[in-house]
There are 2 protein chains.
Amino acid sequence: MVTIQPSSCPSGDEKVQLFALLLETNARLARQLGLELEAACETPLAWFEVLLQLRQAPEGRLKMNQVADAIVHSSGGTTRLVDRLEIAGLVERRSCPNDRRATYVAITPEGDARLDRALAVHLDYLERHLGTRLSGDERETLSTLLEKLNTAS
Amino acid sequence: MVTIQPSSCPSGDEKVQLFALLLETNARLARQLGLELEAACETPLAWFEVLLQLRQAPEGRLKMNQVADAIVHSSGGTTRLVDRLEIAGLVERRSCPNDRRATYVAITPEGDARLDRALAVHLDYLERHLGTRLSGDERETLSTLLEKLNTAS
DNA sequence: GACAAGTTATTGCATAAGCAACTATACTAG
DNA sequence: CTAGTATAGTTGCTTATGCAATAACTTGTC
């Protein structure tokens, strides 16, 4: 089953399709989760991602550039994102004794509480979208494959 | 192997990790491809996505809302994206005889040529990132799993 | 110890994207 | 036919993001 190809170039290539599918799937899932988080928690997806990364980090804190890397944002974008989280009281900046250029971003108790609420929404969302559509084995397989794709370029 | 969990909520949940991995992988791949496309072609990833969808569509055209859906953008965002593509001459708007509310977005010869150039970059990129990291079987599996995730909510 | 080069975070600026309000057109029921 | 409702696309406005330039600091080398 091949679509009509008005041009010569292999736009129907298997890898091209796979990549397009990855983009589309991710965009749909992220959009929907974002809407639900926003509606139920006033918590944008980006905030949720930061809070989650911080909780998973030892001592609930990461350096600025580690946050940027973890959520795959630019350095400048992360600075402003953390600004907003800090204004909301969910996160705080702390100086780093060893390296005075660096600043830690640490989750606050309020951030922790917010993350709990957001996680409840997220888990419900995941149950509906991952739980029902993929089996445990399939999720594991998917995880393995994504990890292979995620290795440093 | 479990990370320290300062809080009670299951942030280490298997599905949560999988979702985070999906976001991260997608973001990394998209960012890198975007940079390469921009550098080699002056073609933002979003433009590439639109052009690709148009080429794959019958007669090289889609209605506005089909474009929006295909690339998972809002309606308003798609309008402006198509504006920019039209200004660049890669796409043109055409009226729809049956429904005077609708407008077609059609790829132009210039758009087709641009897409060819971008596809060359993309294929090279894919070879490096998909080709070397996943086998054909693995890519097929990934494709199947993503399709399951991509079904309408 | 001083200078060069690298690293960390922040800022100015430009752009892209979403939402909500609006216009124009199509469809449905009576 | 008309009224009401739904749909397609555009626009105003706000916000989020990236890039490039900058400032503060560290590291390595001589």
Side-chain angles (χ1 to χ4, degrees), chain A residues 23-24 26-39 42-50 61-88 90-106, chain B residues 23-24 26-39 42-50 61-88 90-106:
Chain A
L23 287 181
E24 185 186 345
N26 181 81
R28 277 192 209 294
L29 294 175
R31 164 173 303 237
Q32 188 141 7
L33 175 59
L35 288 173
E36 293 190 18
L37 281 175
E38 195 81 62
E42 274 104 45
T43 307
L45 179 54
W47 291 24
F48 174 70
E49 285 188 74
V50 173
R61 66 179 194 189
L62 288 171
K63 290 184 187 165
M64 211 67 201
N65 58 15
Q66 296 178 302
V67 175
D69 183 65
I71 63 174
V72 195
H73 273 221
S74 70
S75 172
T78 305
T79 289
R80 307 264 220 309
L81 177 54
V82 169
D83 285 348
R84 296 190 291 273
L85 278 157
E86 196 168 26
I87 288 169
L90 306 180
V91 132
E92 69 183 16
R93 272 174 238 245
R94 293 188 197 153
S95 57
C96 173
N98 307 332
D99 187 342
R100 292 170 55 203
R101 293 167 303 182
T103 75
Y104 281 119
V105 184
Chain B
L23 286 182
E24 185 185 347
N26 181 82
R28 275 193 212 293
L29 293 176
R31 166 173 301 239
Q32 189 143 7
L33 174 60
L35 287 173
E36 292 190 19
L37 281 174
E38 195 81 60
E42 275 103 45
T43 306
L45 179 54
W47 291 24
F48 174 69
E49 285 189 74
V50 172
R61 65 178 194 187
L62 289 171
K63 290 184 188 165
M64 212 67 201
N65 59 15
Q66 296 177 304
V67 175
D69 183 66
I71 64 174
V72 196
H73 273 221
S74 71
S75 173
T78 306
T79 290
R80 302 236 241 263
L81 177 54
V82 168
D83 285 348
R84 296 190 291 273
L85 278 156
E86 196 169 26
I87 288 168
L90 306 181
V91 132
E92 70 184 14
R93 273 176 237 245
R94 292 188 197 153
S95 58
C96 172
N98 307 333
D99 187 343
R100 293 171 53 204
R101 295 167 303 181
T103 74
Y104 281 119
V105 184

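Atom set for the values below is all heavy atoms of this structure, side chains included, hydrogens, waters and symmetry mates excluded. Just so it is clear: chains get the letters A, B, ... in the order the sequence lines come, proteins before strands, and each one is counted from 1.
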Would B/V67 and B/E49 satisfy side chain to side chain contact (heavy atoms under 4.5 Å, CB included), going step by step from the backbone distance to the final call? CA-CA 9 Å; B/V67 175; B/E49 285 189 74; over 6 Å; no
Evaluate the criterion side chain to side chain contact (heavy atoms under 4.5 Å, CB included) for residue pair A/L81 and A/R84; output intermediate values, then yes/no. CA-CA 5 Å; A/L81 177 54; A/R84 296 190 291 273; 3.6 Å; yes
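Annotation: of the two residues near DNA chain D, B/R80 and A/S75, the 5′-most nearest-nucleotide partner is B/R80. Heavy-atom nearest nucleotides on DNA chain D were determined for A/R100 and for A/P44, and the one closer to the 5' end corresponds to A/P44.
Residues A/T78 and A/M64 approach most closely at O-CE, 3.5 Å, considering heavy atoms.
Regarding A/D69, its CG atom lies at a distance of 15 Å from the C1' atom of C/dA9, rounded to whole Å. Nucleotide C/dT10 holds its P atom 7 Å from the CG atom of A/D83, rounded to whole Å. The nearest whole Å value for the distance from the NE2 atom in A/H73 to the P atom in C/dA17 is 14 Å. One interatomic measurement links the two molecules: CD1 of A/I87 to P of C/dT10, which rounds to 12 Å at whole-angstrom precision. In this structure, B/L62 atom CG and D/dA8 atom C1' are separated by 15 Å, rounded to whole Å. Atom pair B/K63:NZ and D/dT10:P shows a separation of 14 Å (rounding to whole Å applied). What separates CG of B/N98 from P of D/dT7 is a distance of 18 Å, to the nearest Å. The interatomic distance linking A/R84 (CZ) with D/dT15 (P) rounds to 10 Å, in whole Å.
The CD1 atom of A/I71 lies 10.5 Å from the CD atom of B/E24; values are rounded to the nearest 0.5 Å. To the nearest 0.5 Å, the span separating CG on B/L33 from CD on B/E38 amounts to 10.5 Å.
In this structure, of C/dT10, C/dT8, D/dG9, it is C/dT8 that holds the atom nearest to the side chain of A/D99. Here the side chain of A/R101 is nearest to one of D/dC19, D/dA24, D/dG9, namely D/dA24. The side chain of B/M64 lies closest to D/dG9, out of D/dG9, C/dT10, C/dA17.
Phosphate contact (OP1/OP2 of C/dA9, side-chain N/O of A/R94, threshold under 4.0 Å): absent. Between B/N65 and the phosphate of D/dT7, there is no side-chain N or O to OP1/OP2 separation shorter than 4.0 Å.
At the heavy-atom level, A/T103 lies under 4.0 Å from the strands shown only through sugar-phosphate atoms. Among the protein residues, A/L35 comes within range of the sugar-phosphate backbone only, with heavy atoms under 4.0 Å from sugar or phosphate atoms but none that close to a base. Counting any heavy atom pair closer than 4.0 Å across all strands shown, B/L45 reaches no nucleic acid atom.
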